[in-house]
Amino acid sequence: MKYLPLCLLLFTSNSFALNPPDLEIGEEINETCAGCHGEFAEGGKDGEYPRLAGLPASYIENQLRLFRDRKRPNIPMLEYLDKGQLPEQEIVDVSAYMQSIQLIKKLPPLVEGDDFDAYERMMLTKRFLNIARIEGDIKKGQKLYKRECRTCHGREAEGNQDKGIPMLAGQYTKYLKKQVKLFIAKKRIHDTDAPDEELLADFSTTELDNIFAYLSVIDDE
Ligand code: HEC
Ligand code: HEC
């Protein structure tokens, strides 16, 4: 009987294989997140809360673990992650659900004489996110982006689902700028394969602004 407590411990530990993601449970968990990130994970307050919809599930999972383990700063979210409040299985479920949410970059134009369904329009508007164009040299930004960022973040800055790399197009500029500051200050690690070498540290403010300007117009096309 001496070994019973150990057996119980092993039985209840997280080291057991997780189930495949359950999108319905993920949707329920999302209700907690929606208070800040929005009903469709579209983000809010001009990027104080980032967009999560469409991010790679593996990326979302990793960030939740980094926040929980205090390896990436995020004070507002700690009260939702501390004390095992979001177990591994729920991390997997909610991340898969968020990856599956599709936002729209353009609202269909209202045509006079067409049937107008106010409810349908309202639902579309909630899923609408288009990043406002910011000042900067878009051409120069595009050139820099292609040379320095594209290999990882993708042709259209759409990220990489398989590698768990986040999109940069369609994400709030204010949020992206804040992350770049965190990377440069080494409060967040950009490339875990080369944690000591910050990719963005050598860019001037103008160069970064040009890249952000380019990123801000990709979703207009
Ligand atoms: C109290 C507000 C709040 C709630 C509730 C909240 N978040 Fe967040 N979340 C934030 C803030 C603020 C940030 C941005 C942190 C930063 O600026 O670095 C963030 C960032 C994130 C990121 C990083 C996104 C990226 O692009 O790197 C993920 C992933 C995330 N939240 C997932 C969740 C999930 C899943 C839930 C629900 C279980 C949730 N959040 C609930 C405030 C909140
Ligand atoms: C070697 C691959 C690589 C290159 C090159 C790269 N990135 Fe990244 N980037 C990543 C990875 C991986 C992440 C996610 C880090 C994590 O998991 O926390 C990331 C995250 C980011 C984020 C945070 C996004 C978010 O949702 O929180 C920003 C902003 C960013 N990169 C900007 C850039 C810019 C601008 C360039 C080009 C100047 C660039 N990156 C080049 C791999 C790269």
Side-chain angles (χ1 to χ4, degrees), residues 25-39 41-68 71-82 85-87 90-99 101 136 140-154 157-160 162-185 187-195 197-204 207-216:
I25 296 179
E27 187 172 5
E28 277 170 33
I29 302 165
N30 180 54
E31 286 170 24
T32 318
C33 320
C36 292
H37 291 283
E39 187 182 345
E42 73 279 17
K45 287 206 178 165
D46 192 29
E48 182 179 329
Y49 305 120
R51 164 210 188 140
L52 304 174
L55 279 171
S58 63
Y59 173 76
I60 299 176
E61 289 176 16
N62 272 341
Q63 300 311 307
L64 289 168
R65 295 181 187 118
L66 292 172
F67 294 144
R68 181 196 63 199
K71 290 181 180 152
R72 177 181 165 190
N74 189 338
I75 292 167
M77 272 178 60
L78 284 180
E79 65 172 296
Y80 299 89
L81 297 170
D82 272 353
Q85 283 189 83
L86 199 65
E90 293 190 9
I91 287 182
V92 170
D93 294 342
V94 74
S95 301
Y97 176 67
M98 285 172 165
Q99 174 183 289
I101 302 176
K140 283 188 183 161
Q142 178 174 25
K143 229 173 142 187
L144 268 179
Y145 178 85
K146 277 191 173 161
R147 205 177 68 210
E148 306 284 348
C149 324
R150 185 172 66 170
T151 46
C152 295
H153 286 283
E158 74 281 16
N160 185 316
D162 296 336
K163 293 186 184 151
I165 298 178
M167 68 191 66
L168 300 178
Q171 183 58 278
Y172 297 90
T173 306
K174 188 171 128 183
Y175 171 76
L176 294 177
K177 284 188 169 177
K178 183 182 166 195
Q179 299 314 306
V180 169
K181 279 196 187 138
L182 291 173
F183 287 142
I184 293 172
K187 290 185 176 151
R188 185 181 169 194
I189 296 171
H190 193 172
D191 180 6
T192 43
D193 292 335
E197 227 173 288
E198 179 35 59
L199 299 162
L200 298 162
D202 294 334
F203 289 90
S204 71
E207 285 176 320
L208 286 174
D209 282 345
N210 291 342
I211 296 178
F212 292 132
Y214 168 61
L215 294 173
S216 75

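Just so it is clear, the values below take in all heavy atoms, side chains as well, and ignore hydrogens, waters and symmetry mates. We count ligands from 1, going down the list as the structure has it; atoms in each ligand are counted the same way. All values derive from a computational prediction rather than experimental measurement.
Taking every heavy atom of Leu200 and a limit of under 4.0 angstrom, the matching atoms of ligand 2 come to 34 (C), 35 (C), 36 (C), 38 (C). Residue contact check: Cys152 has heavy atoms under 4.0 Å from atoms 1 (C), 2 (C), 3 (C), 4 (C), 5 (C), 42 (C), 43 (C) of ligand 2. When each atom of ligand 2 is checked for a heavy atom of Phe203 under 4.0 Å away, the hits are 38 (C). Shown in contact with Glu148 at under 4.0 Å from a heavy atom are these atoms of ligand 2, numbered in order with element: 5 (C), 37 (C), 38 (C), 41 (C). Each of the atoms 1 (C) of ligand 2 lies under 4.0 Å from some heavy atom of Asp191.
Of the possible polar contacts, none joining the Glu27 side chain to the Tyr97 backbone as a donor-acceptor pair under 3.5 Å is found. The backbone N or O of Glu39 lies less than 3.5 Å from a partner atom in the side chain of Asn30, making a donor-acceptor pair.
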Polar pairs, ligand 1 vs protein, N/O only, below 3.5 Å.
residue: ligand 1; atom: 7 (N); partner: His37; partner atom: NE2; Å: 2.8
residue: ligand 1; atom: 9 (N); partner: His37; partner atom: NE2; Å: 2.8
residue: ligand 1; atom: 17 (O); partner: Lys178; partner atom: NZ; Å: 2.6
residue: ligand 1; atom: 17 (O); partner: Gln179; partner atom: NE2; Å: 3.4
residue: ligand 1; atom: 18 (O); partner: Arg72; partner atom: NH2; Å: 3.3
residue: ligand 1; atom: 18 (O); partner: Gln179; partner atom: NE2; Å: 2.9
residue: ligand 1; atom: 26 (O); partner: Tyr175; partner atom: OH; Å: 3.2
residue: ligand 1; atom: 27 (O); partner: Tyr59; partner atom: OH; Å: 2.6
residue: ligand 1; atom: 27 (O); partner: Arg72; partner atom: NH1; Å: 2.9
residue: ligand 1; atom: 27 (O); partner: Tyr175; partner atom: OH; Å: 2.9
residue: ligand 1; atom: 31 (N); partner: His37; partner atom: NE2; Å: 2.9
residue: ligand 1; atom: 40 (N); partner: His37; partner atom: NE2; Å: 3.0

Between Phe203 and Ile211, does a side-chain contact (heavy atoms from CB on, under 4.5 Å) hold up when you go through it step by step? CA-CA 10 Å; Phe203 289 90; Ile211 296 178; 4.3 Å; yes

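Between Tyr214 and Tyr145, the ring planes lie tilted relative to each other; the angle falls in the 30° to 60° range.
Counting only residues at least two apart or in different chains, salt bridge (Lys or Arg N to Asp or Glu O under 4.0 Å) contacts with residues 46-67 comprise Glu61-Arg65, Arg65-Glu88. Within the structure, every pair that satisfies the side chain to side chain donor-acceptor pair (under 3.5 Å) test and touches residues 173-182, not counting sequence neighbours, is listed here: Arg72-Tyr175, Arg72-Gln179, Gln179-Arg188.
To the nearest 0.5 angstrom, Ile91 atom CD1 is 5.0 Å from Leu86 atom CG. A distance of 10.5 Å separates OG1 of Thr32 from CE of Met77, quoted to the nearest 0.5 Å.
Neither the backbone nor the side chain of Asp193 has a heavy atom within less than 4.0 Å of ligand 2.
Note: angle at atom 8 (Fe) of ligand 2, from NE2 of His190 to NE2 of His153, is 170° (rounded to 10 degrees).
Evaluation of the side chain to side chain contact (heavy atoms under 4.5 Å, CB included) rule for Ile60 yields Leu55, Leu64, Ser95, Met98 as partners, not counting sequence neighbours.
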